[in-house]
Amino acid sequence: MRIMSALAGVVLLTGLAAGPAAAAAGDGERIRSYDVRLEVRPDGSLRVTETIDYDFGATPRRGIERDIDTEQRFDGSRDRRYPVSDVEVSSSTAPDQVQVTDSGDGTTVRIGDPDRTVTGRHTYRIGYTVAAATTRFAGHDELHWNAVGPGWRVPVGDVRVRVGGAEVTRATCFAGAPGATAPCDSAVASGRFAQAALAPGEALTVVTAFPAGSVAAAAPVLVERRTARTFLAGSPLYALPLAALFLGGPGWLLVTGIRRKRAQEAPALAYRQGFAPQPPPGLRPALAGMLLSGSARPVDAVSVLLDLSARGHVSITPLAGRDWRLVAVRPPDASLPPEARAVLRAVFARGPDTTLKAAGRALLGVRGELRTIARDEVVRLGWFSRPPQEATGPAALGAAMLFLAVPVTLLLGFLADAGVAGIALGAGGIVLVAHAFTRPRPRTAAGEIARSQLIAFKAHLSRIDPMGLPAGHREAALAGLLPFAVVLGLAPQLAGAFSAAGVVAGGYAANPAWWSTFATDATRAATPSSSSGGSSGFSGGSAGGGGGGGGGGSW
């Protein structure tokens, strides 16, 4: 418990210190060259040597920080660890005092003298050993490594990576923003890689294969992810204060929420009979999730992309290898809603012709903007009196509990060995904040009616009969209905209904099954994903997708 309390204090202090450091990055700072040597050892460990030519510019700094990732998501329930040890630092031109901090999921190497500052160019040499860095696959052992991680706050130039220690039989690399699949500038089969430049936040990931058995212990270190269930299983007594918090304030909020919901549903229930099964007037696919639950969904960007296709702004055609070609047929115009313009800007930022795999990161990145747009639009349409998910009283109370949790944990942990009270206080604060930010805000009477109409439309869509539509309008109907089906989770049913009805003549609906498959692929691309677990970097690699990495900057 004392260790947990101390770690809580370290995390708090580290968070406070990180702000000024991040803000300080810039002012012409950059890394002139970044040389990485990766030596694979027979026991499966990796000796990393980084030579960093750092240009501080004219602004005085004390030195640099190197943040090394040591824990990453492996699969649905486990994390993979890359333990770091034997850290060595040197510099012939700048103070090379070093402070190494292990935060659990990362190691921070801070280099420099707190009482001295430097400017201009200085070279730092950082060496460290990473245990269990390789992985065994059928037919080969593999190193999948972020030689330059996406956490650097400054531009990085002239990157050179060399892998040694074992015979390299195959090599590839990826460079760019996390998730990018573009190759780096140069990759030699012997294990040499190069990249002319990386922008802040971009990564260089290398993948090398060695003969099977050349690394004796090519096995990852896996640990069960720390969840509330495993936490309570290891410390059953913690369940008592946590249960009191979970069943106290949040329970009261739940009861009041149910009462309010019943009162608001009365006019909607009376309205659910007697209107045509169609979306509420003014509803666009990207607003459906916000109207139903007061929250955005990962598929919102996908529904917008399909809606743009139906409007003739985007052409979508299937490619080999489960990919899709996306072409901007015409530029956006003022008639398009704001979410459509946002998706067009994101997906086609690098040109009017791209693929779904290349645009996957853009679909993921535009989610925040779509959420903001949807919140504003449901207010403008009169369905909500204020944007959903705004923080109110429960959030303020939860924030106060979180603010007090750290000092209470430290005080009781050291003085009375009862830091669990502080942990319980923090857990209760998290519950209140989460409840405040996830519960939908009260809708207006018009909003309740619109939501009721959307629920009825969803039920109609789930059992639609294409044969009941005029023959000449079936394809156009599919084009207009599919974006709603995607955001409502009904794309497979809709595609199946139109396929069974024989709507496969041509045009947008040339193959309804294609659009269901596209919706699945695009939704996966627009949803934050975990690590691929035990998959090879040769088959599913991307920038930032390997072990290690991290980043850094000045301090």
* Asked: side-chain hydrogen bond (donor to acceptor under 3.5 Å, both in side chains) with Thr135: which of Glu142, His144, Arg80?
  -> Arg80

* Can you tell me if Asp53 uses its side chain to pair, donor with acceptor, with the backbone of Arg32 under 3.5 Å? -> no

* Might you work through the side-chain contact (heavy atoms from CB on, under 4.5 Å) test for Arg37 and Asp35, ending with a clear yes or no? => CA-CA 7 Å; Arg37 296 292 183 268; Asp35 185 88; 2.8 Å; yes

* Asked: When Ile31 is tested against each of Val154, Asp55, Ile64 for side-chain contact (heavy atoms from CB on, under 4.5 Å), which residue passes?
  -> Val154

* Asked: Is there side-chain contact between Val207 and Leu143, with heavy atoms separated by less than 4.5 Å?
  -> no

* Quick check: does any side chain N or O of Arg62 sit under 3.5 Å from a backbone N or O of Pro114, one acting as donor and the other as acceptor? -> yes

* Judged by modelled atom types alone, do Arg47 and Thr129 share a side-chain donor-acceptor pair under 3.5 Å? -> yes

* Asked: Looking at CZ of Phe193 and OG of Ser186, how far apart are the two atoms once the value is rounded to the nearest 0.5 Å?
  -> 9.0 Å

* To do: If the plane angle is over 60° it's perpendicular, under 30° parallel, otherwise tilted; pick one for Trp152 and Tyr54.
  => tilted

* **Rounded distance (nearest 0.5 Å) linking atom NE2 of His313 with atom CZ of Phe348** => 11.5 Å

* To do: Could you tell me whether Arg341 and Glu369 make a salt bridge, using a distance below 4.0 angstrom between a side-chain N and a carboxylate O?
  => no

* Can you tell if the side chain of Leu326 reaches within under 4.5 Å of the side chain of Leu305, non-hydrogen atoms only? -> yes

* Asked: Distance-only, no hydrogens or angles: does the Asn146 side chain make a donor-acceptor pair with backbone N or O of Gly546 under 3.5 Å?
  -> yes

* Asked: Hey, does the side chain of Gln195 reach the backbone of Asp185 with a donor-acceptor pair shorter than 3.5 angstrom?
  -> yes

* Please answer whether the main-chain N or O of Glu71 pairs with a side-chain N or O of Asp69 as donor and acceptor at a distance below 3.5 Å. => no

* Structure fact -> CG (Leu222) and CZ (Arg81) are apart, to the nearest 0.5 Å, by 10.5 Å

* To do: Could you check if a side-chain atom of Ile111 sits within less than 4.5 angstrom of a side-chain atom of Ile126, using non-hydrogen atoms only?
  => yes

* To do: Indicate yes or no: at least one non-hydrogen side-chain atom of Glu167 is less than 4.5 angstrom from one of Ser214.
  => no

* Asked: Looking only at atom types and distance, does a side-chain atom of Thr169 sit under 3.5 Å from a main-chain N or O of Ala209, one as donor and one as acceptor?
  -> yes

* Go through the steps for Ile316 and Leu306 under the test side-chain contact (heavy atoms from CB on, under 4.5 Å), then give the verdict. => CA-CA 9 Å; Ile316 304 175; Leu306 286 168; 4.2 Å; yes

* Could you please spell out the steps behind the side-chain contact (heavy atoms from CB on, under 4.5 Å) verdict for Thr93 and Val118? => CA-CA 9 Å; Thr93 61; Val118 294; over 6 Å; no

* Asked: Just wondering, do Val168 and Phe210 contact through their side chains at under 4.5 Å, heavy atoms?
  -> yes

* Distance (rounded to the nearest 0.5 Å) between Trp145 CH2 and Thr134 OG1 -> 10.0 Å

* Looking at CG of Asp376 and CD of Glu339, how far apart are the two atoms once the value is rounded to the nearest 0.5 Å? -> 11.5 Å

* Give a yes or no answer on whether the side chain of Arg136 reaches the backbone of Val215 with a donor-acceptor pair at less than 3.5 Å. => yes

* Asked: With a 3.5 Å cut-off and no angle check, do the side chains of Tyr124 and Glu50 form a donor-acceptor pair?
  -> no

* Are Arg160 and Asp158 ion-paired here, with the side-chain N under 4.0 Å from a carboxylate O? -> yes

* Asked: Would you say Arg41 has more than 12 foreign heavy atoms packed within less than 6.0 Å of its CZ?
  -> yes

* Quick one: are Leu344 and Val314 in side-chain contact, heavy atoms under 4.5 Å? -> yes

* Asked: Among Val148, Thr172, Leu38, whose side-chain contact (heavy atoms from CB on, under 4.5 Å) with Val206 holds?
  -> Leu38

* To do: Please confirm whether the backbone N or O of Arg61 pairs with a side-chain atom of Thr117, one donor and one acceptor, at under 3.5 Å?
  => no

* Find the distance between CG (Leu308) and CZ (Arg330) and round it off to the nearest 0.5 Å. => 9.5 Å

